[in-house]
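What's counted below: heavy atoms across the whole structure, side chains too, no hydrogens, waters or symmetry copies. Read the numbers this way: they start at 1 and go in the same order the structure lists the ligands and their atoms.
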Amino acid sequence: MSLISLNDNITLLKGIGLAQEKKFEKLNIFTFRDLLFHIPFRYRDTSEILNIEDFKYIQEGTFLAQIVEVKNIYTRTRKVLTKVKVIDQYNSSLDISFFNQSYLAKTLKVGEWYIFDGKITEKGKIKNIYNPKYEKYAGDISLQKHLGKIIGIYHETEGISSRYIRNTILPFEKNIESVIEDPLPLNILNKNSLQNLGHSITEIHFPSSQESLIKARERLGFDEMLRIGVDIEKDREKRRKLQSLPILEDKALTKDFLSSLPFTLTNDQLRGSEEIIEDISKKKPMNRLLNGDVGSGKTVVAALAILQCIRNGYSAVILAPTTVLAQQHFDTFKKILKPFDVDIDIWISTQKSKAKSPNSLIVGTHAVLYKSDIPENLNLVIVDEQHRFGVEQREKLLKGGKKIPHYLTMTATPIPRSLTEVVFGNVEVSTIKEKPKMQKQIITKFVPYQKRDDCFDWINKKIKESKYQEQAFIVYPLIEESAILDAKAVLTEYQNLKNIHFKDIKTELMHGRLKEKEKTEILERFRKKEINILVSTSVIEVGIDMPDATVMVIEDAHRFGLAQLHQLRGRVGRGEKESYCFVIPSQNEDSNTEVIDRLKYFASHPSGFDVAEYDLQRRGPGEVYGIKQSGIPQFKIASLTDIQLFKKAKDVAKELVKDDNVDLNYILENIFR
Ligand code: ADP
Ligand code: MG
């Protein structure tokens, strides 16, 4: 084959003109490298050639047969049906039909042998096979291009089929290895038993066996992980040079704080606190994530760190995503820190109190970040529900002073341990799994759609029996402006609920398009019990504390990821009373067993880590709430949960970043992506 290099435009390939170039663009393929790196997303193994009897029995697969008859039939709807009769070497015959490919009557010649791959469909007594894949038999299976082997299926676009992609790459099959130079040093490949890149690319397009495909996938997955690993290592290197001021633990203060609480800390809370106090006592800024379920008691853990920070003579900031949550934190911290005489200020859009003492705790929303007078002595930044914050905002805060403040993020999105490695690779993670004992479990029930009315009647009665002291949330999936999905229009549902189910109960609507101020006002009225039922899109999902809200209803529940449902469930059960969560699928999904199983699993599992793991196993990492927001790119091959491979990649990354003789940019530009 002609000499072509990886960076050449694909139009230099034979048969690819401007029209094809445009189509390839849609697949993000511009260069020869892009083409080679456009790899199959799945495979079909057609390497087992069946005889027709076996094919009929299995109803699916690949077989070799001779054409005995071909004819075009024109149907009444003016469609063309090409009927082909084939026979195999054992004289078994089969009828094959092709739709709208009348040219086949000319291509498929009587007497010639073909390999077919497809499925049998039965219509009454007539067994038929429609539109199978086919390739002329070359006399020897090893000479086939498209069938009789493991075949890659690619992401396609109009005019660029998998077959077309295969045909375009095929002439280079024997050259790929010499065109792709492996940027990774040989000793690293050997040490980690990784296969050469060029060979892996060849095998990923044209696997010679399942085993070699696995090897190829491992190498390419490794490259994807290496990219993340290098980012993490570089970030770590950068951080290693950063300086911060240590916050030394006053042990007596810790003791006083712990005994001031009306409860004892759980083991997980204690361990989290120790890890944080250890981190902040160093001259290197803490970068830690406190990952704990809703209600696991992260606030007191944060409070202890804040207290130590203030006692050391520094200021601290805690940021919440919304004004409501900031206000709530403000009240909570005032209560918790009361015995310790800490100056606490609130900085929210409508309000900014002035610090009375030189070192204080500032509770605020991110609006606080835009104030120019972030205290010089700021030494601890805590961000609650971090994925709501942009990276730039965080950077701005970190650049505040000369020394870098210690940094803690808290998230109530339980991220399975198996994911934190990759997703939060450059962050230390403290996990709180165990919940405070005295906390009641929220009784969760899966409610079939047909029982929905009963559910509302029950709530109606419950609220009245409590003399309008108990409250309920009814949540709907967020509706995009252009939603064509069958998601219920919250507004219509709200009217129905108000006029049919809850006639004499004060019911209010809150949706995402309300202004922050309006939302705050509604929540205030809810808190004062001027409202008993709050109908809402998922805007209430983060951190609101309403002690008398005892019922959470989630409609169209199947639209939410389980981790997200779990967050919603955590909005109730904040007080003393028994609390309930009901998940109801839409009418359409009422007999969908997958939906029912999922929701039932949710109902029977109180731990956020468990339900997140469930979605992770069944629906993949992309569906786990919080992963999309994490900024981790979608891998083509690697699995976010392949810790083994990730460890390998991280070790190699470390080695490469440290080694001055290694041209890291060259490697990153040339490994698989
Ligand atoms: P989250 O992790 O969701 O932020 P919070 O910090 O708001 O949870 O704690 C939830 C509730 O549990 C609060 O009312 C808090 O006072 C209480 N709590 C925290 N830790 C304990 C504990 N060890 N024992 C009993 N109650 C606790
Ligand atoms: Mg919280």
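Listed by number with element, the atoms of ligand 1 under 4.0 Å from a non-hydrogen atom of Arg574 are 7 (O). Listed by number with element, the atoms of ligand 1 under 4.0 angstrom from any heavy atom of Ser296 are 2 (O), 8 (O). Close approach of ligand 1 to Thr266 is summarised as follows: ligand atoms under 4.0 Å from at least one heavy atom of the residue are 23 (N). Taking every heavy atom of Gln269 and a limit of under 4.0 angstrom, the matching atoms of ligand 1 come to 19 (C), 20 (N), 21 (C), 22 (C), 23 (N). For ligand 1, the atoms closer than 4.0 angstrom to any heavy atom of Thr299 are 4 (O), 5 (P), 6 (O), 7 (O).
Counting heavy atoms under 4.0 Å from ligand 1, residue Met410 does not touch it at all. By the criterion of a heavy-atom distance under 4.0 Å, the backbone of Thr264, and not its side chain, is placed next to ligand 1. Contacts of Asp293 with ligand 1, taken as heavy-atom pairs under 4.0 Å, involve the backbone alone.
Distances between N or O atoms of Phe263 and those of ligand 1 include no value under 3.5 Å. Geometrically, ligand 1 and Pro436 share no nitrogen or oxygen pair separated by less than 3.5 Å.
Between the side chains of Ser430 and Arg271, no donor-acceptor pair is found at a separation under 3.5 Å. A donor and an acceptor atom, one from each side chain of His406 and Asn287, are nowhere located under 3.5 Å apart.
With sequence neighbours excluded, the residues satisfying ring-ring contact (aromatic ring centres under 6.0 Å, His included) with Tyr601 are His605, Tyr614. Considering only residues two or more places apart in sequence or on other chains, Glu274 meets the salt bridge (charged side-chain N to carboxylate O under 4.0 Å, His left out) condition with none of them.
With a 6.0 Å radius and a threshold of 12 heavy atoms from other residues, nucleotides or ligands, Asp504 has its CG atom above the threshold.
Between Phe582 and the choices Phe446, Tyr449, Trp458, the ring pair (Phe, Tyr, Trp, His ring centres under 6.0 Å) rule is met once, by Trp458. Each of Gln469, Arg527, Lys529 was compared with Asp548 under the side-chain hydrogen bond (donor to acceptor under 3.5 Å, both in side chains) criterion, and only Lys529 meets it.
Ring planes of Phe333 and His329: tilted class, angle from 30 to 60°.
At least one heavy atom of Gly295 sits closer than 4.0 Å to an atom of ligand 1.
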